[in-house]
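Below is one structure, written out as structure tokens; comments come after it.
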Amino acid sequence: MAVIYLAGGCFWGMQGYFDRLKGVLDSSVGYANSKIANPSYDLVCSGASGAVETLKLEYDESALPLREIIERFLSIIDPCALNYQGNDRGTQYRNGVYYVDSKSGCVIRECLKKWEQIQNRKAVTEILPLANFYEAESYHQKYLEKNPNGYCHIDIESALQHFQGFLS
């Protein structure tokens, strides 16, 4: 089992998308790289914590390699959007990838560099070691499963059907 932390706007859509992929073993949503221990949703939204809404993704790397995860991640967000995705605005919605081992950091940076070359655009996606992760309140977990018509900035079904990797 491997783990990676993905931030791409509202964490509901991130979880809704990645939970549908073969190779995902478990996921939870929460707040990463907070300056304040165990922040609440309200505190995160205030900007005072510096935390970012993040998906913790546990996966089987033999079924779903990190490169594919990053390709998929970059295909469902706007890597050039600073502090927003869709209608969500604020530093808590910035996009980033947070890793727990340096090897993963190298893979992530290579993927982002390749994306920038192909798109001829400069991304603002953070690529940082994970400092901390605090699980979000229970009503946020698997939100789109519990609320199928809930807001999502990602067109999940379309994204799943039309994914084409750029590294192959």
Side-chain angles (χ1 to χ4, degrees), residues 3-21 23-24 27-34 39 41 44-47 49-57 59 64-100 104-131 133 136 140-145 147-168:
V3 65
I4 195 70
Y5 297 81
L6 305 169
C10 175
F11 47 28
W12 298 340
M14 297 292 294
Q15 187 173 43
Y17 175 82
F18 280 98
D19 275 357
R20 289 185 168 93
L21 300 181
V24 171
S27 71
S28 61
V29 295
Y31 315 115
N33 292 2
S34 179
Y41 178 71
V44 171
C45 288
S46 77
S49 70
V52 57
E53 288 195 14
T54 304
L55 170 68
K56 177 183 180 183
L57 192 65
Y59 62 100
L64 183 62
L66 180 57
R67 288 183 188 280
E68 182 178 340
I69 290 171
I70 301 306
E71 285 182 306
R72 287 180 173 276
F73 170 72
L74 294 171
S75 77
I76 60 172
I77 66 159
D78 178 356
C80 302
L82 183 60
N83 298 329
Y84 75 93
Q85 292 291 317
N87 294 325
D88 301 313
R89 303 280 192 263
T91 57
Q92 74 273 23
Y93 297 118
R94 66 189 180 271
N95 62 84
V97 183
Y98 310 101
Y99 57 89
V100 293
S104 293
C106 292
V107 170
I108 297 159
R109 280 188 280 282
E110 287 172 16
C111 291
L112 188 60
K113 183 178 178 181
K114 181 72 171 175
W115 182 92
E116 289 177 327
Q117 291 170 343
I118 291 168
Q119 298 295 320
N120 197 28
R121 297 171 66 201
K122 181 70 176 150
V124 295
T125 305
E126 291 184 330
I127 301 173
L128 298 169
L130 181 75
F133 177 80
H140 288 298
Q141 305 301 326
K142 311 287 185 186
Y143 183 87
L144 292 177
E145 279 182 22
N147 302 280
N149 295 320
Y151 166 75
C152 182
H153 67 286
I154 301 167
D155 183 345
I156 294 173
E157 294 307 321
S158 178
L160 288 167
Q161 290 175 359
H162 298 104
F163 172 73
Q164 293 181 349
F166 60 88
L167 293 174
S168 3

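Because only heavy atoms are used, hydrogens play no part in the values below, and waters and symmetry mates are left out as well, while side chains stay in. All figures in this text were calculated on a predicted structure; none of them were measured in a lab. All residue numbers in this chain count up from 1 along the given sequence.
- Taking 4.5 Å as the limit, every side-chain heavy atom of K113 sits out of range of all side-chain heavy atoms of R109.
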Could you please spell out the steps behind the side-chain contact (heavy atoms from CB on, under 4.5 Å) verdict for L160 and L21?
CA-CA 9 Å; L160 288 167; L21 300 181; 3.6 Å; yes
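- The closest donor-acceptor contact from the side chain of Q141 to the backbone of A136 lies under 3.5 Å.
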Might you work through the side-chain contact (heavy atoms from CB on, under 4.5 Å) test for F73 and F18, ending with a clear yes or no?
CA-CA 9 Å; F73 170 72; F18 280 98; 4.1 Å; yes
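- Shortest non-hydrogen contact noted between L112 and A123 is CD1-CB, 3.7 Å.
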Please assess E68 against R72 for the test salt bridge (charged side-chain N to carboxylate O under 4.0 Å, His left out), listing each intermediate value before the final yes or no.
CA-CA 6 Å; E68 182 178 340; R72 287 180 173 276; 2.8 Å; yes
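- Residues V100 and Y5 meet the side-chain proximity criterion, which asks for heavy atoms closer than 4.5 Å.
- The two residues T125 and G96 have their closest heavy-atom pair at CG2-CA, 3.8 Å.
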Checking side-chain contact (heavy atoms from CB on, under 4.5 Å) for the pair R94/N83: CA distance, chi angles, key distance, verdict?
CA-CA 4 Å; R94 66 189 180 271; N83 298 329; 3.4 Å; yes
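- Closest non-hydrogen pair, A159 versus I76, comes out as CB-CG2, 3.7 Å.
- Interatomic distance, CZ of F11 versus OG of S28, reported as 10.0 Å (0.5 Å rounding).
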List the steps and the verdict of side-chain contact (heavy atoms from CB on, under 4.5 Å) for I4 and I108.
CA-CA 10 Å; I4 195 70; I108 297 159; 3.7 Å; yes
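- Contact detail for L74 and C111: the closest heavy-atom pair is CD1-O, 4.3 Å.
- L57 and L6 make their closest contact through CD2-CD1, 4.2 Å (heavy atoms, listed as atom of the first residue, atom of the second, distance).
- Residue K142 holds its NZ atom at 3.5 Å from CG of D19, rounded to the nearest 0.5 Å.
- Taking the side-chain contact (heavy atoms from CB on, under 4.5 Å) definition, one finds that A81 meets it with D78, Y84, Q85, sequence neighbours left out.
- Considering every non-hydrogen atom in both W12 and L144, the closest pair reads O-CD1, 3.5 Å.
- Contact annotation: the side chain of S104 approaches that of L66 to within less than 4.5 Å [non-hydrogen atoms, C-beta and beyond].
- A distance of 3.5 Å separates CH2 in W115 from SG in C80, rounded to the nearest 0.5 Å.
- Looking only at distances, no side-chain donor or acceptor of R121 sits under 3.5 Å from a matching main-chain atom of I118.
- When side chains are defined from C-beta on, I77 counts as touching M14, because their heavy atoms get closer than 4.5 Å.
- Using a 4.0 Å cut-off between charged side-chain N and carboxylate O, R67 and E71 make no salt bridge.
- With rounding to the nearest 0.5 Å, the separation of CG in N87 from SG in C152 is 11.0 Å.
- Contact annotation: the side chain of Y98 never approaches that of P129 to less than 4.5 Å [non-hydrogen atoms, C-beta and beyond].
- Taking CD from Q161 and CD1 from I156, the interatomic distance works out to 12.0 Å, rounded to the nearest 0.5 Å.
- Under a cut-off of 6.0 angstrom, the local environment of NZ in K114 is sparse, with at most 12 non-hydrogen atoms contributed by other residues, nucleotides or ligands.
- Contact annotation: the side chain of D88 never approaches that of E53 to less than 4.5 Å [non-hydrogen atoms, C-beta and beyond].
- Between L130 and N33, some side-chain heavy-atom pair lies under the 4.5 Å cut-off.
- Classified by interplanar angle (parallel below 30°, tilted 30° to 60°, perpendicular above 60°), the ring pair Y31/H140 is perpendicular.
- Atoms CG and CZ, from L55 and F133 in turn, are 7.5 Å apart once rounded to the nearest 0.5 Å.
- Heavy-atom contacts from other residues, nucleotides or ligands closer than 6.0 Å to CD of Q164 number 12 or fewer.
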